[in-house]
Q: 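Input: one structure, supplied below.
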Protein chains: 2
Amino acid sequence: MSKKLDKRAEVIDLLTVHFLDTGLSDTGLRRLAEVAGTSDRMLLYYFESKDELLAAVLTHIAGGLSASLTQLFGTTLLSPDTVLEKLWVAAKSDGFKPYLRLWLDLAAHANRGGPLFLSIAQQISTGWIDWMASLLDVPEANKEATAALILAAVDGQLVLFPGETKRGEHAILQLIALLRMQSKVQA
Amino acid sequence: MSKKLDKRAEVIDLLTVHFLDTGLSDTGLRRLAEVAGTSDRMLLYYFESKDELLAAVLTHIAGGLSASLTQLFGTTLLSPDTVLEKLWVAAKSDGFKPYLRLWLDLAAHANRGGPLFLSIAQQISTGWIDWMASLLDVPEANKEATAALILAAVDGQLVLFPGETKRGEHAILQLIALLRMQSKVQA
DNA sequence: TCCAGACTGTAGCAACCATTACATTTCTCA
DNA sequence: TGAGAAATGTAATGGTTGCTACAGTCTGGA
């Protein structure tokens, strides 16, 4: 029984890389087996079904993301404009771009497909919002709204400018300016 | 030759409705044929290939959207906060929600799939940004950035809160407040 | 050593996919 | 009315999909 679980974990790790690279298309069992160095037969031995496999890998990815985010940002409170600034730098980096693209994939699936993707996407989203809200140095009543605004602005770039990172720059800079202005007024 | 073109246009109309309803999944030729009241054989008679069919329907949808947007907003200049306010009301309405969800689908496909979806998505995006930029009563240098910011904020809600419309409300209201504050400062 | 259970390979299922070859019907125009 | 073209149906192609039945190998404990 233990070897099964070990292999399962190993497969999850390998597929994590693959999913971040290529997203939620290209998810045929035979293809995934090839990537993971096994057979489709074995994948369905380690996992109950393809859906369970997907859910396992995606939640594993979500965990890894929040870990590296807290590592990157620390736990001290920051003003909204600095948070957005740091987040935008990260979003453009090769390390984080795959996560954002995968998240976009997931959101698209969540809007249509079965409850599987929806619940995973919601879980990731609220985790992300909560994390950022706890980081923002703003009045309690505004935390969640500001966090959602910042995240939405960054995600929106993905929708608005597919395949590019350059064109969204000005919009983000504008929002940074707005947030900074607000901080000054309130101070 | 004329009947072929007539049928082609009719099929595009019928599939427009279907795509807005169900997005970019469920696009098997046999299923689309059923929706359009024909056979798969005939679809490939009216269109060169499935890709050409998709491209035709999607660009038709894009045209319809920009038409109803200009009808809704008119051509007089508006302040950024009122534009966002009106856009958000529209985004929540049953009439426009399907467009936004389809756009999200398209953006997700554009990030991975072939050049087909990418070019269509880019075309729609720039069309939308240009339209909004021409509507904004702000200095010329800021038009595009503000337009992109507003659109990104609205689109971002889709990514951030899949399946919901309620939770994004506060973030949008916050951005409206920020934009209004900026207008006053500049005046 | 032997046996039960964990593990794994082979081969196949039925359903779907986009596309095409071929035959047939229907229409148009001379 | 008859010929040629346009329009449509039938049926098949070779491919993929998630999943499974069956048989075999391997391994740890008695």
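Note on naming: letters A, B, ... go to the chains in the order of the sequence lines (proteins, then strands), and numbering restarts at 1 for each one.
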Q: Starting at atom CG of A/D51, determine the distance to atom C1' of D/dC19, rounded to an integer number of angstrom.
A: 12 Å
Q: Rounded to the nearest Å, what distance is computed from the CG atom of residue A/L43 to the P atom of nucleotide D/dT17?
A: 13 Å
Q: Relative to the 5' end of DNA chain D, which residue comes earlier, B/R30 or B/Y45, by the nucleotide with the nearest heavy atom?
A: B/Y45
Q: Is the NZ or CZ atom of B/K86 both under 6.0 Å from the centre of the six-membered ring of B/F73 and within 45° of that ring's axis?
A: yes
Q: Using a cut-off of less than 4.0 Å, is there contact between a side-chain N or O of B/K3 and OP1 or OP2 of C/dT28?
A: no
Q: Whole-Å distance between C/dA18 C1' and B/E52 CD?
A: 15 Å
Q: Could you check how far CZ of B/R31 sits from C1' of C/dA18, rounded to whole Å?
A: 17 Å
Q: What contact category does B/S39 fall into here, base, sugar-phosphate, or nothing, at under 4.0 angstrom with non-hydrogen atoms?
A: sugar-phosphate
Q: Which of these nucleotides, C/dT19, D/dG9, D/dC19, is closest to any side-chain atom of B/R41?
A: D/dG9
Q: Could you tell me the separation between the CG atom of B/L44 and the P atom of D/dA7, rounded to a whole number of Å?
A: 15 Å
Q: Do B/D51 and B/S49 have a side chain donor and acceptor closer than 3.5 Å?
A: no
Q: What is the distance, rounded to the nearest whole Å, between atom CG of A/D40 and atom C1' of C/dC13?
A: 13 Å
Q: Quickly work out the B/K7 NZ to D/dA6 C1' distance and round it to whole Å.
A: 14 Å
Q: Report the distance from atom CG of B/L29 to atom C1' of D/dG9, rounded to the nearest whole Å.
A: 16 Å
Q: Name all pairs fulfilling the salt bridge (Lys or Arg N to Asp or Glu O under 4.0 Å) condition that reach into residues 150-173 of chain A, sequence neighbours left out, sorted by first residue then second.
A: A/K92-A/E169, A/R167-B/E144
Q: Ignoring hydrogens and geometry beyond distance, is a side-chain donor-acceptor pair present between A/K50 and A/T27 at under 3.5 Å?
A: yes
Q: Counting any heavy atom closer than 4.0 Å, what does A/F47 reach on the DNA or RNA strands: base, sugar-phosphate only, or nothing?
A: nothing
